[in-house]
Amino acid sequence: MTPAERLAELDRGENPRLVRQLPSGYVVMADNQFLTGYCLLLASPLVGQFLDLPEEGQSKFLSDMARVGAAVKEATGCLRVNFAIYGNVDPFLHAHIWPRFSDEALELRTMPPLLMPESFRTAPETVWSAERYGELLSRLSELLV
């Protein structure tokens with residue numbers, strides 16, 4: 001799915017992982033919840049990278065990213081929150097927001113989330129489903145009002 005198609009799906013309300021629309025874009029829960037509460041902020045309207053935004057848009061995006069991080073921290077009770085903006089694989093502006101927990105395996109605890117073993121990041125038991133993660137999605141949505 002292209003970035004434009006992804007945003008169109010969110011505009012139509014057809015993505016079950018949609019948490020909430022914020023001023024700078026859409027908050028969605030990630031496909032794989034290998035760190036429970038992992039969310040993304042997808043810039044809307046579509047923009048290629050952070051530096052393509054005007055200064056006001058940059059401030060809005062970073063402010064929304066921080067709001068999502070605070071909601072993730074409150075909803076999950078995590079120890080800290082990691083943030084990342086890359087755009088190398090999916091070349092459009094989006095931010096990763098990962099909760100980090102005190103009970104993570106020692107060998108993973110200091111590792112950047114995208115460098116964690118693929119088998120961990122794609123484990124079948126972490127695939128997003130409304131049944132498994134719907135309550136958390138609702139809580140995040142409430143916190144982002």
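Hydrogens, waters and symmetry mates play no part in the numbers below; they use all other heavy atoms, side chains included.
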> Distance-only, no hydrogens or angles: does the Asp64 side chain make a donor-acceptor pair with backbone N or O of Ser24 under 3.5 Å?
Replying inline: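 Yes, because the side chain of Asp64 sits within donor-acceptor range (under 3.5 Å) of the backbone of Ser24.
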
> Between Asn15 and Arg17, is there a donor-acceptor pair closer than 3.5 Å when you use the side chain of the first and the backbone of the second?
Replying inline: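 Yes; judged by distance alone, with no hydrogens or angles, the pair exists.
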
Does [X], at its [atom1] atom, have more than 12 non-hydrogen atoms belonging to other residues, nucleotides or ligands within less than 6.0 Å?
{"X": "Glu125", "atom1": "CD", "value": "yes"}
{"X": "Glu131", "atom1": "CD", "value": "no"}
{"X": "Glu135", "atom1": "CD", "value": "no"}
{"X": "Arg109", "atom1": "CZ", "value": "yes"}
{"X": "Glu14", "atom1": "CD", "value": "yes"}
{"X": "Glu107", "atom1": "CD", "value": "yes"}

> Yes or no on side chain to side chain contact (heavy atoms under 4.5 Å, CB included) for Trp128 and Leu137, after CA distance, side-chain angles and deciding distance?
Replying inline: CA-CA 10 Å; Trp128 191 91; Leu137 185 146; 3.7 Å; yes

>> Could you walk me through whether Phe50 and Leu62 satisfy the side chain to side chain contact (heavy atoms under 4.5 Å, CB included) test, starting with their C-alpha distance in whole Å, then the side-chain angles of each, then the deciding distance to 0.1 Å, before giving a yes or no?
In response: CA-CA 10 Å; Phe50 183 73; Leu62 293 177; 3.7 Å; yes

Point-to-point distance, once rounded to the nearest 0.5 Å, from [atom1] of [X] to [atom2] of [Y]:
{"X": "Leu79", "Y": "Ser102", "atom1": "CG", "atom2": "OG", "value": "6.0 Å"}
{"X": "Met65", "Y": "Leu41", "atom1": "CE", "atom2": "CG", "value": "8.0 Å"}
{"X": "Leu18", "Y": "Leu140", "atom1": "CG", "atom2": "CG", "value": "11.5 Å"}
{"X": "Leu42", "Y": "Phe92", "atom1": "CG", "atom2": "CZ", "value": "5.0 Å"}

> Does the side chain to side chain contact (heavy atoms under 4.5 Å, CB included) test come out yes or no for Trp98 and Val72, once each step is laid out?
Replying inline: CA-CA 8 Å; Trp98 290 285; Val72 166; over 6 Å; no

>> Between Asn82 and Arg100, do the side chains contain a donor N or O and an acceptor N or O under 3.5 Å apart?
In response: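 There is such a pair (donor and acceptor under 3.5 Å, judged by atom type) between the side chains of Arg100 and Asn82.
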
>> Applying side chain to side chain contact (heavy atoms under 4.5 Å, CB included) to Met116 and Leu35, what does each step give before you reach the verdict?
In response: CA-CA 11 Å; Met116 292 175 171; Leu35 293 167; 4.3 Å; yes

> Excluding sequence neighbours, so at least two apart, what forms side-chain contact (heavy atoms from CB on, under 4.5 Å) with Gln21?
Replying inline: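 side-chain contact (heavy atoms from CB on, under 4.5 Å) list for Gln21, sorted by chain: Tyr26.
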
>> If the condition is side-chain contact (heavy atoms from CB on, under 4.5 Å), which residues does Arg139 pass it with, not counting sequence neighbours?
In response: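 Applying side-chain contact (heavy atoms from CB on, under 4.5 Å) to Arg139 gives Glu74, Ala75, Glu142, Leu143.
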
>> Looking at every heavy atom in both Ala43 and Leu7, which two are closest together, and how far apart are they?
In response: O-CD1, 3.5 Å

>> Give me the atom names and distance for the closest heavy-atom approach of Leu108 to Pro117.
In response: CD2-CD, 3.6 Å

>> Any heavy-atom pair between the side chains of Gln49 and Leu93 that's under 4.5 Å?
In response: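 Side-chain contact under 4.5 Å: no.
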
